[in-house]
Amino acid sequence: MAMADVTVRGAGIFGLSIAWICARRGARVQVVDPFGAGAGSSGGLVGALAPHVPENWNPKKQFQLESLLMAGSFWAGVEATGGVSPGYGRTGRLQPINDARALELARQREVTARELWNDAAEWTVCKADSLGPWVPPSATGYIIHDTLSARMHPRRACAALVSALAVMGIKVQLEAPDQGKVVHAKGYAGLLELNAAFGKTVGGGVKGQAALLRFHEGAVPQLYADSLHIIPHADGTLAIGSTSEREFEDGKTTDPQLDDIVDRARIAVPVLHGAEVIERWAGVRPRAKSRAPMLGAWPGRDGHFIANGGFKIGFGMAPKAAHVMADLLLDGMDSIPEGFRVEDNL
C-alpha cells in the first residue's frame, strides 16, 4: 500500500466529507474509526439543512449560506460516484407565525434575505391558505417559506459517502497507524480528548433525541413548528427532533422527553396523528465552545488538524468545511473564517 497523504480519524459527517474532497483532489487518503462510519451523532435521523435567520450577518452565517448552496452539487457527486442516495432534496421550509411581533420580524427578514442571500434563495411571508394542505396551523394565518432549506437522511448520507469512497479505493478502517497529515474529526469523544490535551474546556456534548415515523407526504417542505424540526424524508419516513440536553447520564438511550417531542409534533401538525413511530434515537452532538465548527491546525502539534463541533449544523456545514480543510491540508491555503479556528476556543 502506498503511504497516505492524509489520515482522517473519525468517520462522521466531517471526517467522511473531508476524506471525499481530498480524494477527489487526488490525495491518497485513509479513514480510521474504531466504531465504523456514522456511529456517533452523524448516524441520526433528522437531517434538517436549515439556515440561520437572514439578519445580524456574520462569518458563521456566510459560511453556512455558501455551504448550503454547495450542497446540491456536493451530494450529486457523491451519489453519482457511489450509487447510494443520501436523500438530499432542497425542498424548502415552512414556519408558522404565531403573533403580531413575529409577523413584523418575519417581514423585516424578508427584506434582509434579499440583500444577504443575493437572490440565491427566498424568505417570504405567505398566507397559510395559499400553500396547500401541508401547512402547520398558524395563529396569524401567515407562514414563513424559505427556499434555502434542504433535507437529507443523515444515516443514508454517511452510507453514500462510504460507498463513494469505496469506489475510489478507500475503506473505513477500524485501526491503522497515522500516515501523512492527520485530521482529528472524532465528534464528542474528540472534544473530550481536546479538553484533556489543552487542560481547559474547548467543547462538549449536547444530547439530542429524535423519532422516525412511517409517514409519506412526498417532496414537501420541512416544517419548523414549536421549536421542532419535522422532516419528510425521500424514503417514506418522517423525522422529528430534537431535544437539547446539556446534562445527561446516558447519551444513547431515549426517555420520556422523546415522547413529549412526538406529542408536540402531533399537536403542531395534526395530520401526523396516528403515524407509527418506527425508530427512537438518541446521540450526543459535539458543540465547540465558540458554537461554530472548530477547524484548522492543532496548535503546537505539527502535522495534526482538527475538524469538529458541527453540533446541529454539521451536515449543512460539511460541504464547505470539507473544501476549506482540503485547501489547508493539500495546498496550505488557510481560508478558515473568524470564529472557526481552534484558537477561538482556547
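Everything numeric in this text was worked out from a predicted model, so none of it was measured. What's counted below: heavy atoms across the whole structure, side chains too, no hydrogens, waters or symmetry copies.
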>> Taking salt bridge (Lys or Arg N to Asp or Glu O under 4.0 Å) as the cut-off, I'd like each qualifying pair that reaches into residues 227-253, sequence neighbours left out, listed once.
In response: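 Pairs touching residues 227-253 that pass the test: Arg156-Asp235.
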Please name all residues satisfying salt bridge (charged side-chain N to carboxylate O under 4.0 Å, His left out) with [X], sequence neighbours left out, ordered by chain then number.
X: Asp5; result: Arg28
X: Asp99; result: none
X: Arg280; result: Asp259
X: Glu217; result: none

Requested in this report: Tell me whether the guanidinium CZ or amine NZ of Arg107 lies under 6.0 angstrom from the six-membered ring centre of Tyr142 and within 45° of its axis.
Outcome: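 Relative to the ring axis of Tyr142, which defines the angle, Arg107 lies inside both limits.
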Neighbour count >12 (heavy atoms, 6.0 Å) for atom [atom1], [X]:
X: Glu343; atom1: CD; answer: yes
X: Asp331; atom1: CG; answer: yes
X: Gln62; atom1: CD; answer: yes

Sequence-distant partners of [X], ring-ring contact (aromatic ring centres under 6.0 Å, His included), two or more places apart:
X: Phe311; result: none
X: His145; result: none
X: Phe63; result: Phe340
X: His184; result: Trp298, His304

Result for side chain to side chain donor-acceptor pair (under 3.5 Å) between Glu55 and one of Arg109, Lys61, Gln108 points to Arg109
Can you give me every donor-acceptor pair (side chain of residues 268-276, partner residue at least two apart or in another chain, under 3.5 Å) with its distance?
| unit_1 | atom_1 | unit_2 | atom_2 | d |
| --- | --- | --- | --- | --- |
| His273 | NE2 | Arg266 | O | 3.2 |
| Glu276 | OE1 | Arg214 | NE | 3.3 |

Mind running side chain to side chain contact (heavy atoms under 4.5 Å, CB included) on Phe14 and Met294 for me, showing each step along the way?
CA-CA 11 Å; Phe14 273 11; Met294 186 192 305; over 6 Å; no
Identify each donor-acceptor pair in which a side-chain atom of residues 73-88 lies under 3.5 Å from a protein atom, sequence neighbours left out, and give them as a table.
| unit_1 | atom_1 | unit_2 | atom_2 | d |
| --- | --- | --- | --- | --- |
| Ser73 | OG | Met70 | O | 3.1 |
| Thr81 | OG1 | Gly77 | O | 3.0 |
| Ser85 | OG | Gly87 | N | 3.0 |

Indicate every side-chain donor-acceptor pair of residues 33-49 with a distance under 3.5 Å to a residue at least two apart or in another chain.
| unit_1 | atom_1 | unit_2 | atom_2 | d |
| --- | --- | --- | --- | --- |
| Asp33 | OD1 | Phe35 | N | 2.9 |
| Asp33 | OD2 | Ala11 | N | 2.8 |
| Ser42 | OG | Ile13 | N | 2.9 |

Please tell me whether Asn345 and Ser290 have a donor and an acceptor in their side chains that are separated by less than 3.5 angstrom.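 Asn345 vs Ser290: donor-acceptor pair found between side chains.
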